[in-house]
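Have a look at the structure below before the remarks.
Values reported hereafter were calculated over all heavy atoms of this structure, with side chains retained and with hydrogens, waters and symmetry mates removed.
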Amino acid sequence: MSQTVDRALSILPLLAEGPADLGQVADRLGVHKSTALRLLRTLHEHGLVYRQSDQRYRLGARLFALAQEAMENLDIREIAHPHLARLNEACGHTVHLAVYEEGEVLYIDKVESRYPVRMYSRIGKPVAITVAAVAKLLLADLPEPERRALTDKLDYPLYTPRSTPNAEAFREELATVREQGWATDLGGHEESINCVAAPIRGADGRVVAAMSVSAPNVVVTAEELLTLLPQVRRTADAISGEYSGRTPVTDPTKDRA
């Protein structure tokens, strides 16, 4: 039975490459045409493959519907939280998770610092979109026309001397963030608070969320916080892997050899 299931599932990535006839499927599986036909018929009955008028097979609409339903039911916060908690336990600093929704970047999870000095941030509260590290990652991944339209209409409050001053400067920074794959806020919102962030990506490679580690400079300097960037990126990669269905093989909070 397990061999039959394995063979049937092996047909799906073959058809993802494009339509294939019975002979091609049989050759790829290394089985007789009668066996391949039996597997294809079963998959066809469940709507996972479709037989075209030219007798070739392609992926069925039911497969796409199942994938869409699964994606809609994924809760990024539920998946990410254990990883955020482990990172917080390892470094001791505040860890945030944020998403982009309708022109705003919102915190959807937070694990508090173990230190007495706490950050004033709340789940559900919009971030300072022109300076926050998580916002830079989420906006940098937007399609260029949408990114330009959004940056043109934003206000650019000067929270500190390090705040982003205007749309042109912001777009330049977003281009850098998009290229390097990580972001910082080094005193851009509050002079005493620094932050490093990394993107969480879906199966299609698009950024679905961003996570960050933040700390006041009375606890750790900006330079010291930046040394956590590899750990932050590994944690984000682990969340991305789980969200996309790829299982992480190592604890992302541990340094790699």
Side-chain angles (χ1 to χ4, degrees), residues 16 64-65 67-80 83-84 95-110 121-160 162-190 193 195-214 229 232-233 235-246:
F64 297 106
Q68 181 63 34
E69 185 177 355
M71 289 300 298
E72 290 174 355
N73 289 328
L74 281 176
D75 184 342
I76 186 63
R77 182 180 181 276
E78 181 179 350
I79 291 170
H83 297 274
L84 306 182
V95 183
H96 286 110
L97 180 69
V99 296
Y100 176 76
E101 290 185 358
E102 299 180 356
E104 291 186 321
V105 175
L106 307 171
Y107 289 128
I108 60 171
D109 202 3
K110 177 183 180 181
S121 56
R122 295 197 307 269
I123 295 174
K125 180 182 178 182
V127 311
I129 197 168
T130 60
V131 291
V134 288
K136 294 171 187 176
L137 286 163
L138 291 160
L139 270 56
D141 194 61
L142 294 176
E144 197 279 333
E146 184 179 352
R147 187 167 66 247
R148 175 169 285 275
L150 178 62
T151 54
D152 278 341
K153 71 179 183 181
L154 288 174
D155 295 323
Y156 292 86
L158 296 178
Y159 303 104
T160 78
R162 295 184 177 182
S163 298
T164 307
N166 53 54
E168 183 179 356
F170 196 34
R171 282 193 288 269
E172 289 178 1
E173 184 167 11
L174 293 180
T176 299
V177 167
R178 186 180 179 92
E179 182 177 352
Q180 69 188 14
W182 52 273
T184 63
D185 169 17
L186 304 179
H189 187 216
E190 299 178 56
I193 302 292
C195 175
V196 294
I200 296 166
R201 300 181 185 275
D204 60 358
R206 298 297 303 277
V207 176
V208 297
M211 57 156 296
S212 65
V213 171
S214 304
L229 180 58
V232 174
R233 297 183 75 181
T235 299
D237 287 346
I239 298 170
S240 300
E242 187 169 342
Y243 184 77
S244 303
R246 303 186 307 273

>> Tell me which pairs pass salt bridge (charged side-chain N to carboxylate O under 4.0 Å, His left out) where either residue lies in residues 202-212, with sequence neighbours left out.
In response: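 Checked against salt bridge (charged side-chain N to carboxylate O under 4.0 Å, His left out) - neighbours excluded - the pairs reaching residues 202-212 are Asp141-Arg206.
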
> With sequence neighbours excluded, what pairs up with Asn166 under the side-chain hydrogen bond (donor to acceptor under 3.5 Å, both in side chains) test?
Replying inline: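 Partners of Asn166 by the side-chain hydrogen bond (donor to acceptor under 3.5 Å, both in side chains) criterion come out as none, since no residue qualifies.
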
> So which pairs with a foot in residues 121-136 pass side-chain hydrogen bond (donor to acceptor under 3.5 Å, both in side chains), sequence neighbours left out?
Replying inline: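 For residues 121-136: His96-Ser121, Lys110-Ser121, Tyr120-Arg122, Lys136-Glu173.
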
> Please, which pairs that meet side-chain hydrogen bond (donor to acceptor under 3.5 Å, both in side chains) have at least one residue in residues 180-190, sequence neighbours excluded?
Replying inline: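 Qualifying pairs: none.
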
>> I'd like to check the salt bridge (Lys or Arg N to Asp or Glu O under 4.0 Å) partners of Arg178; sequence neighbours left out, ordered by chain and number.
In response: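 In terms of salt bridge (Lys or Arg N to Asp or Glu O under 4.0 Å), with neighbours along the sequence ignored, Arg178 is linked to no residue.
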
>> Suppose we screen for salt bridge (Lys or Arg N to Asp or Glu O under 4.0 Å). Which residues come up paired with Glu179, at least two apart in sequence or across chains?
In response: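 Listed in chain order: nothing, the list is empty.
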
> If we only count heavy atoms from C-beta on, is the Asp75 to Ile79 side-chain gap below 4.5 Å?
Replying inline: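 Asp75 vs Ile79: side chains apart.
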
>> Contact between Arg162 and Leu186 at the side-chain level, heavy atoms closer than 4.5 Å - yes or no?
In response: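 Counting from C-beta outward, Arg162 and Leu186 do come under 4.5 Å.
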
How close do [X] and [Y] get, heavy atom to heavy atom, and via which atoms?
X      : Y      : result
Ile129 : Gly103 : CD1-O, 3.7 Å
Thr160 : Gly187 : OG1-O, 2.6 Å
Arg77  : Ile108 : NE-O, 2.9 Å
Ala236 : Ala198 : CB-CB, 3.7 Å
Val208 : Gly202 : CG1-N, 3.9 Å
Ser212 : Ala197 : CB-CB, 3.7 Å

> Between Thr151 and Arg171, is any side-chain donor less than 3.5 angstrom from a side-chain acceptor?
Replying inline: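 Arg171 and Thr151 do have a side-chain donor-acceptor pair below 3.5 Å.
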
>> Tell me which one of Lys153, Arg148, Arg147 satisfies side-chain contact (heavy atoms from CB on, under 4.5 Å) with Leu150.
In response: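 Going through the options one by one, the only one that passes is Lys153.
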
> Between Val105 and Val99, does a side-chain contact (heavy atoms from CB on, under 4.5 Å) hold up when you go through it step by step?
Replying inline: CA-CA 6 Å; Val105 175; Val99 296; over 6 Å; no

